[in-house]
There are 2 protein chains.
Amino acid sequence: MPSAGPTEGISPTHNRPNEKRHAAEDMVGIKRLAQHLDISIGTVSRALNGRPDVNAETRRRVLEAALELGYAPNQAGRSLRKGSTGVVGFMMQSGSEITGDGDTFFMSVFDGVQAVFARHNLDLVVLLCSSREDPDAYLRRTVARGFADALIISATRRNDPRIDFLAERHIPFIALGRSQSDAGHPWIDLDFEGLARIGIDRLVAQGHRDIAIAAPADDANLGHIFVETAQSTLAGHGLPLPPDRLLRSPPNEAGGYAMAQKIVAMSDRPTAILLVNETTAVGFYRGLYDAGLAPGRDIAIIGFRESPQAKFLSPPLTCFRLDLHALGEALAEALLATMPAYKEQYPLGTARRIWPMELVEGRSDRAQ
Amino acid sequence: MPSAGPTEGISPTHNRPNEKRHAAEDMVGIKRLAQHLDISIGTVSRALNGRPDVNAETRRRVLEAALELGYAPNQAGRSLRKGSTGVVGFMMQSGSEITGDGDTFFMSVFDGVQAVFARHNLDLVVLLCSSREDPDAYLRRTVARGFADALIISATRRNDPRIDFLAERHIPFIALGRSQSDAGHPWIDLDFEGLARIGIDRLVAQGHRDIAIAAPADDANLGHIFVETAQSTLAGHGLPLPPDRLLRSPPNEAGGYAMAQKIVAMSDRPTAILLVNETTAVGFYRGLYDAGLAPGRDIAIIGFRESPQAKFLSPPLTCFRLDLHALGEALAEALLATMPAYKEQYPLGTARRIWPMELVEGRSDRAQ
DNA sequence: ATTTTCTTCGTAAACGTTTCCGATTTCCTG
DNA sequence: CAGGAAATCGGAAACGTTTACGAAGAAAAT
C-alpha cells in the first residue's frame, strides 16, 4: 500500500563500479562450490541431496568442501525449483493465546514439534499475526506467498474461516484446538471434557453442592466444551448450574481478581470453583486474600494448568498437568501424516485427538 | 468467508486431469494474472511494484485483478530474483530467555517491531533454535540459506560468536542485549545499571545497611553489569557487598524459592534484597512465607520486572516497568537504519541504546 | 569382439519473479 | 510537420537450485 518511495527521482549512487549485485556478494553458492571442486553443479547438487548416481569418493569430497566453505543451499532457489520450502509455520496471534501463560506453554510445544521435525530436515518458524492485522487475512497472505509447506494453527475459534481456507487450498495443516468448522482436517485439543468431569466429580466427592465454574470470555472453542461438560456432569450429580455460578473472565490475572471480587460480594457464595483459564488463579487468590478469605479454607479451588507458579501459590494450587512436549511431537507427527512427501513414513490417518491431562493434588481444594 | 471463491469462470476448459506439478496446482502466479488481463507479465510486475512506467488505468486493472484472484507474489521467485526476502528473523532460544517470563515480554516486543515493519511491507518471523541445537550453528545455517534479510538476536551471551559472524558476513542485524563481543554493531539493552543504582539507592534511603542482590546464574551479560553497578553503588554509600550477599539463581520461580531458603537459614539475615531475575519474586515470596516470614516486613524486596502477576503478590511487588512495545519499535527502527534499502529513511547511525525503566511502587520494600 | 548393462557425470531446462533494454506510440516543441 | 522527449509496454535475461536426459566410459554378458 505504501506505493514505493518516491526517492527514486535522482539517485546519485546509480553507477557504482564495483556494485556486486547483492549485499552478500561473498555468499558461496553451488556454483562456487562446483568450480572449487572442478566438477559440474549438477553433480554437486546430486551429491548433496543423496542421489544414488554419484561416485562415493566424489560425494565425500563434495560434502567435505561444502562443510569447509560453509555452504548451505539457498532457500529461494531451492524452494523455487522444488516447489516446497522445507519450512513449517506455526501461526500465533500476538494478543490472544490459547491460554494466558503463553510462555512456557508454547515453548514446550515448540520443542516437541522441533524434536520430530529435526529428523526430517524440516524447520519450524513462528508466524505471528500482529494485533493490527486480521488473522484470516494474514493467513491468506502467508499461504499465497508460498512461505511454508504446511501450517500449524493455534487459537482456533469456534467458527474459524482459516480451516475452510486451508482445506480448500489443499494446504497440509493441523489445528491446535477443535472448532465447529469441520473440514475433515486433523486436530489435537486439550481434554477440557476431562478437566470438567474430573474437576466437578472431585469437588462433589468432597461434599460440595454449590460449585461455580469460570470459563473464558472470548470466542475460543474450549469455553463451550468446558461449560457444557461441567453442566452435564453437575446434572449427573443432581446439581444445577445457576446462571450466576457460570463466570466469565479474560484469561489473565486481572480477570481472576475481578472474578474473586464478584464472588466475595455475593450473599450466598459458592463453596467451590473450577477455573479453566490459566493464570486466573493468581489473581483469584489475591482477590480472596484482599477480602480476608483464604483459598482452600473459605472456597475450594481447582485450577488449570500446572504452570511454573502454581506450586508457589499459598496454598499450592490443585490443577491439571499436561505433557506439552509430547503434545508437540504428536502435533508434528500428525501433520507429517498429511504431507505428501512424508505420508508413507507416518501412516496415521487424519488425527483427531483429545490430549489427556493429569490431576496434580495441591491444597487449594480442601480446608487445611 | 474466503473473499471471492474459486469461481473460475475465466478458464473453465482447462481440464488437465493428470497434470500434477506441485501440490498447489491451482496457485495463481503472475503468469496467470497476466494472461487473464492480456498484458505481459513484465507490466503486471511493474504495476504491482509501483514502478512509474505504467499507465494509471493499467495499474488499476492489475491491482483489481490481483485482489480478485487472490494473487500474492511467490516468495521464492521474488526473493531469488531480488536477492532479498522481505523477511526479518527474530532468533530465540527455546530454553533460555532473556528473562524468565518470556511470554508477555517478547510478545510485547514483537508487537512493537511489527508496528514498524508493517509500514515497509516487512515480515517478522520468529526463528527458534531448539534446545538440541547449538545456537551458533543454527544461526550459521539460517544465514547461509538466505532465509532472512536481517536478524534480531536475543539472549546475547557475554561472549557471543554470533555477533562476529554476522558482522563479518555483513548481515544487517541488531542485538537485544549488550555483549563483550563488539563488532561496532547496533544493540539495545535494558538499563540494568539504572536498576541497580536506583534500587540500591532506594533501599539505602530507607535505612537498610545490609543489602543482598540476586543475579542470574548463567552466562548472560546482564548479570555482570548488574552486579558491578550494584557493588559500586553500595560502595558509594560506604557499604560492602560480602560474598554471601551476592546470590545466584536461575531466572524462575524455583530459583527464587531456593534463594529464600538460603536466606532464611542465615544466622544474620540481610534486611533487604534486590532481585534482577524475573519471576524469582514469586518463588521468593513463597519461600519466606513457608518460613513464617513476611515480604516487606521481615525483608524488603525490590524486584524486576513489572510482570502481570507482580501486582497480585502479597504485598504487591515494588519493581521496574518497561515500555516493551516502544522497545520493539526502537529495535526495528535501529535495524532498518543498518539495512541498505532503508538507510535513507532511517538516518540514525548505529544505535547503542540503554532502555530506561521506571520504578513502580508496590509495598514489598517497606514494612507495612 | 560385440553387444548390453551399469556407473558416473555434464548439459540444459525449468521454477516465478524483477528489471534492463529497446520498441512503439503519444505528446510536445520549434 | 519534423524531430525529439516522454509515456507505456513487451521481450528476455537473470537469480540458485534440482532433475530429466543423454553421453561417455567401464564393466559385464554374450
Side-chain angles (χ1 to χ4, degrees), chain A residues 4 8-9 11 14-15 19-25 27-35 37-62 66 69 71-86 144-147 149 341, chain B residues 19-35 37-62 66 69 71-86 121 144-147 149 341:
Chain A
E8 303 236 10
S11 63
H14 204 56
N15 54 348
E19 168 90 8
K20 292 279 197 178
R21 302 214 44 77
H22 316 125
E25 66 261 14
M27 281 284 272
V28 37
I30 202 175
K31 218 167 194 168
R32 276 253 283 271
L33 191 53
Q35 68 189 42
L37 287 163
D38 201 38
I39 55 180
S40 79
I41 61 171
T43 303
V44 173
S45 176
R46 283 193 303 267
L48 291 172
N49 290 15
R51 289 291 158 126
D53 54 346
V54 50
N55 185 281
E57 166 64 11
T58 309
R59 166 168 293 136
R60 196 196 54 76
R61 286 179 51 223
V62 170
L69 301 192
Y71 168 81
N74 174 278
Q75 177 68 21
R78 163 185 272 246
S79 68
L80 179 56
R81 167 64 222 223
K82 301 227 312 180
S84 71
T85 64
R145 285 175 26 154
F147 195 86
D149 294 341
Chain B
E19 169 94 7
K20 292 159 198 162
R21 306 216 46 76
H22 311 125
E25 66 262 9
D26 47 352
M27 283 285 273
V28 38
I30 200 174
K31 219 167 193 168
R32 276 253 283 268
L33 191 52
Q35 68 189 40
L37 288 162
D38 200 39
I39 57 181
S40 80
I41 62 171
T43 303
V44 172
S45 176
R46 284 193 304 268
L48 292 172
N49 290 12
R51 288 289 159 128
D53 56 345
V54 48
N55 183 283
E57 167 63 9
T58 308
R59 167 169 292 134
R60 196 195 54 75
R61 284 180 53 222
V62 170
L69 302 191
Y71 168 80
N74 174 277
Q75 177 69 19
R78 163 185 272 245
S79 67
L80 178 56
R81 166 65 221 222
K82 302 228 312 182
S84 70
T85 64
N121 286 349
R145 287 175 23 157
F147 195 86
D149 295 341

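- Between A:Asp38 atom CG and C:dG10 atom C1' there is a gap of 12 Å when expressed in whole angstrom units.
- Look at CD on A:Gln35: it is 12 Å from P on D:dG16, rounded to the nearest Å.
- A:Arg59 and A:Arg46 make their closest contact through NH2-O, 3.8 Å (heavy atoms, listed as atom of the first residue, atom of the second, distance).
- A:Leu80 has its CG atom 17 Å from the P atom of D:dA14, to the nearest Å.
- B:Arg78 contributes no side-chain N or O that forms a donor-acceptor pair with the base of C:dT17 under 3.5 Å.
- B:Ile39 has its side chain within reach of B:Val62: a pair of non-hydrogen atoms, C-beta onward, lies under 4.5 Å apart.
- For C:dT17, the base has no donor-acceptor partner in the side chain of B:Arg81 [N/O atoms by modelled type, under 3.5 angstrom].
- At distances below 3.5 Å, at least one donor-acceptor pair connects side-chain atoms of B:Asn55 with backbone N or O atoms of B:Glu57.
- To the nearest 0.5 Å, atoms CG (A:Leu33) and CG (A:Leu48) are separated by 6.5 Å.
- Nearest nucleotide to the side chain of A:Tyr71, out of D:dG16, C:dG10, D:dT17: D:dT17.
- Residues from residues 50-59 of chain A placing a heavy atom under 4.0 Å of any atom in DNA chain C, listed by number, are A:Asp53, A:Val54, A:Asn55, A:Thr58.
- Rounded to an integer number of Å, the gap from CZ of A:Arg32 to P of D:dC15 is 14 Å.
- Of the candidate nucleotides C:dC15, D:dT18, C:dG10, D:dT18 has the atom nearest to the side chain of A:Ser45.
- Nearest nucleotide to the side chain of B:Thr43, out of C:dT18, D:dG10, C:dG16: D:dG10.
- Among the nucleotides C:dT19, D:dT18, D:dG16, the one closest to any side-chain atom of A:Asn74 is D:dG16.
- Rounded to whole Å, atom C1' of C:dT18 lies 15 Å from atom CG of B:Leu33.
- You'll find the side chain of A:Leu80 stays beyond 4.5 Å of the side chain of B:Arg81, heavy atoms only.
- Between B:Arg61 atom CZ and D:dT8 atom C1' the separation is 14 Å, expressed in whole Å.
- Separating the CD atom of A:Gln75 from the C1' atom of D:dC15 is a distance of 15 Å, rounded to the nearest angstrom.
- Mapping A:Ile41 and B:Lys31 onto DNA chain C by nearest heavy atom places A:Ile41 at the nucleotide closer to the 5' end.
- When heavy atoms are screened at a 4.0 angstrom cut-off, B:Gly29 is found touching the sugar-phosphate backbone but no base atom.
- Heavy-atom minimum distance, B:Tyr71 versus B:Val28: CD1-O, 3.2 Å.
- Counted by atom type alone, A:Thr58 and A:Arg61 present zero donor-acceptor pairs between their side chains at under 3.5 Å.
- Residue A:Arg46 has its side chain nearest to C:dG10 when only C:dG10, D:dG10, C:dT18 are considered.
- Distance CG (A:Leu48) to P (C:dC9): 13 Å, rounded to an integer number of Å.
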